[in-house]
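As structure tokens, the structure follows; a few thoughts come after it.
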Protein chains: 2
Amino acid sequence: MFTKQQLEDFWAEAGKIYLNHISIDCVVFGFHEGQMKVLMLKSYNEEAWYLPGGFVRKREPIENAADRILKERTGIDEIFLQQFHVFGDPDRSKIHNEMYKNMLPEEQNFFGQRFISIGYYALVDFFNVTPTPDDFSEVCTWRDLNDLPKFQLDHELIFRKALDTLRLQLNYQPIGYNLMPKEFTMPELQKLYETILDKKLDRRNFQRRMLGFGILNKLEETRKGGAHKAPYLYSFDLENYQAALKEGLKSGW
Amino acid sequence: MFTKQQLEDFWAEAGKIYLNHISIDCVVFGFHEGQMKVLMLKSYNEEAWYLPGGFVRKREPIENAADRILKERTGIDEIFLQQFHVFGDPDRSKIHNEMYKNMLPEEQNFFGQRFISIGYYALVDFFNVTPTPDDFSEVCTWRDLNDLPKFQLDHELIFRKALDTLRLQLNYQPIGYNLMPKEFTMPELQKLYETILDKKLDRRNFQRRMLGFGILNKLEETRKGGAHKAPYLYSFDLENYQAALKEGLKSGW
DNA sequence: TACAATTGTGTATCAATTACACCTTGTGTT
DNA sequence: AACACAAGGTGTAATTGATACACAATTGTA
């Protein structure tokens, strides 16, 4: 937690390092135990949660900025990231701005300005992530899509838009590849699709269709330990997957 | 054309009115005589052409900025606009920046800074547009997609990305409605689809499918004047169109 | 060893897409 | 006025893809 002095130093410094008016917010999706998760943070003094975000260095490509921000929150280096929307309402961070506006003169008050935020969504393997709080947060952790907290500012809008985009891009981006672990069972993959699309799919038709795409390798092993028949493990054939996505995985669900 | 003094005044003024570091570039699509067109501008002293663009006022929503910019270039008020990508490479306007960098001290030289550009694509009825040059351009006119000029800066990349997006969104956005005039024939509409998708479609299957969507009104009149059988005219049923798009026009082409 | 739950595989039906043919209409030509 | 030409309008058969549904196999547990 910051003292007032530290905050002021931070802001003064930020203005020298970062571009004015531009921020980045990231919606990081993970998948664990049949549930979609989003990475979120909670401030010390507020009930509402917010999405991982940050700013762009003066000479830094925006993609690198997003990479850098997420590396800090997750520990992961090469993350799958897609820009999905820009949020440019002049009042989108009004509450935030006013909270800070009397603490410093305007030209030093980096947080008092208008920010246009570039939204990225990220897909990560849940097990590779080490959620790490930032300088303003008490907690950084996965939140279940079925049990979301109150959001700060317009972060609910950003999250919703990311989820909508994910749905639309399901047949055009390697979403399964990036969200599933290296090896997984067919029912696990189906659960992912059902969660993203928010509807039930027929088990048998799902399997036939998935295999029909020719993007999966069936492995010898099975997943033991469940109280039932052991399902086969699969992995993605990345080369075929990429090729298939160029055309789109035929005909939406 | 500007004198040096006028340019300097313009820049000094721009810094007071507009947000730093943020620009908007628009790819305006039109359709005329079976050809896709893009609205482009040509500077006085340069061979390369550029896309309509501008900046965001300090308290202006970015959508309004795009509307305002396009109103100036086209004369149209309520334009169909979609954000499609942000271009944030730090060197994307390098040539431009260097061209101007010695003309004014840095803090007054609005054009010398790094710009992150928000890309919008627009769809307009060709006949409603009055192409209007901006302060830096000699010409503002439609260019055929089959006969594109050399582009300034990264504007070719921006254009390409817009066209790719258009293709992907064909089944999810009212693209036909916005590009076609109020009344049109089936062969004309087919030509639009063929142009966007860059492939031939079967005349009879196209017609059946289009009609199957239930988004067209068949009118009594026919388009006279051609040397052949007069085709029927159609108009869009906007309500049904919007409804159909929510689900996506089933199964891509 | 029988049971419950879950996975693996197959088939019949229905809907959608594709490929293709013939007739109609407006214009210009003889 | 008759005709050829070119483009538009409409229909049908064949193929492909999506959906619905059934039964056998496997695993841990009662």
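Quantities reported herein were computed from a predicted structural model and do not represent experimental measurements. Labels below follow one simple rule: chain letters A, B, ... track the order of the sequence lines, proteins then strands, and each chain is numbered from 1.
Under the rule for a side chain to side chain donor-acceptor pair (under 3.5 Å), A/N178 has no partner lying at least two apart in sequence or in another chain. Listed by chain and residue number, nothing satisfies the salt bridge (charged side-chain N to carboxylate O under 4.0 Å, His left out) test with B/D164 (two or more places apart in sequence, or in another chain). For A/R203, there are no salt bridge (charged side-chain N to carboxylate O under 4.0 Å, His left out) partners at least two apart in sequence or on another chain. With sequence neighbours left out, the salt bridge (charged side-chain N to carboxylate O under 4.0 Å, His left out) criterion links B/K246 to no other residue. The salt bridge (charged side-chain N to carboxylate O under 4.0 Å, His left out) check on A/D89 picks up nothing, with sequence neighbours excluded. Applying the side chain to side chain donor-acceptor pair (under 3.5 Å) test to B/E188 and every residue at least two apart in sequence or in another chain returns B/R223.
As rounded to whole Å, 13 Å separates atom C1' of C/dA15 from atom CZ of B/R209. Here D/dG8 presents its P atom at 15 Å from CG of B/L211, a figure rounded to the nearest Å. Counting to the nearest Å, the C1' atom of C/dT9 and the CG atom of A/D202 are 13 Å from each other. Rounded to an integer number of Å, the gap from CE of B/M186 to P of C/dT24 is 21 Å. Rounded to an integer number of Å, the gap from A/Q207 CD to D/dA20 P is 18 Å. Rounded to whole Å, atom C1' of C/dG8 lies 14 Å from atom CG of A/N205. Going from atom CZ of B/F213 over to atom C1' of C/dA15 covers 14 Å, rounded to whole Å. What separates CE of B/M210 from P of C/dA16 is a distance of 16 Å, to the nearest Å.
Within residues 229-237 of chain A, the residues having any heavy atom closer than 4.0 Å to DNA chain C are, in order of number, A/K229, A/P231, A/Y232.
Residue side chain A/R204 does not reach the base of C/dT7 through any donor-acceptor N/O pair under 3.5 Å, judged by distance alone. Between the side chain of B/R208 and the base of C/dT18, a donor-acceptor pair under 3.5 Å is found. For D/dG9, the base has a donor-acceptor partner in the side chain of B/R203 [N/O atoms by modelled type, under 3.5 angstrom].
For the pair A/Y234/A/F184, a side-chain contact is recorded, criterion being any heavy-atom separation below 4.5 Å from C-beta on.
Using a 4.0 Å cut-off between charged side-chain N and carboxylate O, B/E194 and B/K200 make a salt bridge.
The salt bridge (Lys or Arg N to Asp or Glu O under 4.0 Å) pairs that include a residue from residues 146-159 of chain A are A/R92-A/D154, A/R143-A/D147, where partners are two or more places apart or lie in different chains.
Over its full length, the helix from C/dT1-D/dA30 to C/dT30-D/dA1 turns its helical axis through 10°, comparing axes from the five pairs at each end and rounding to 10°.
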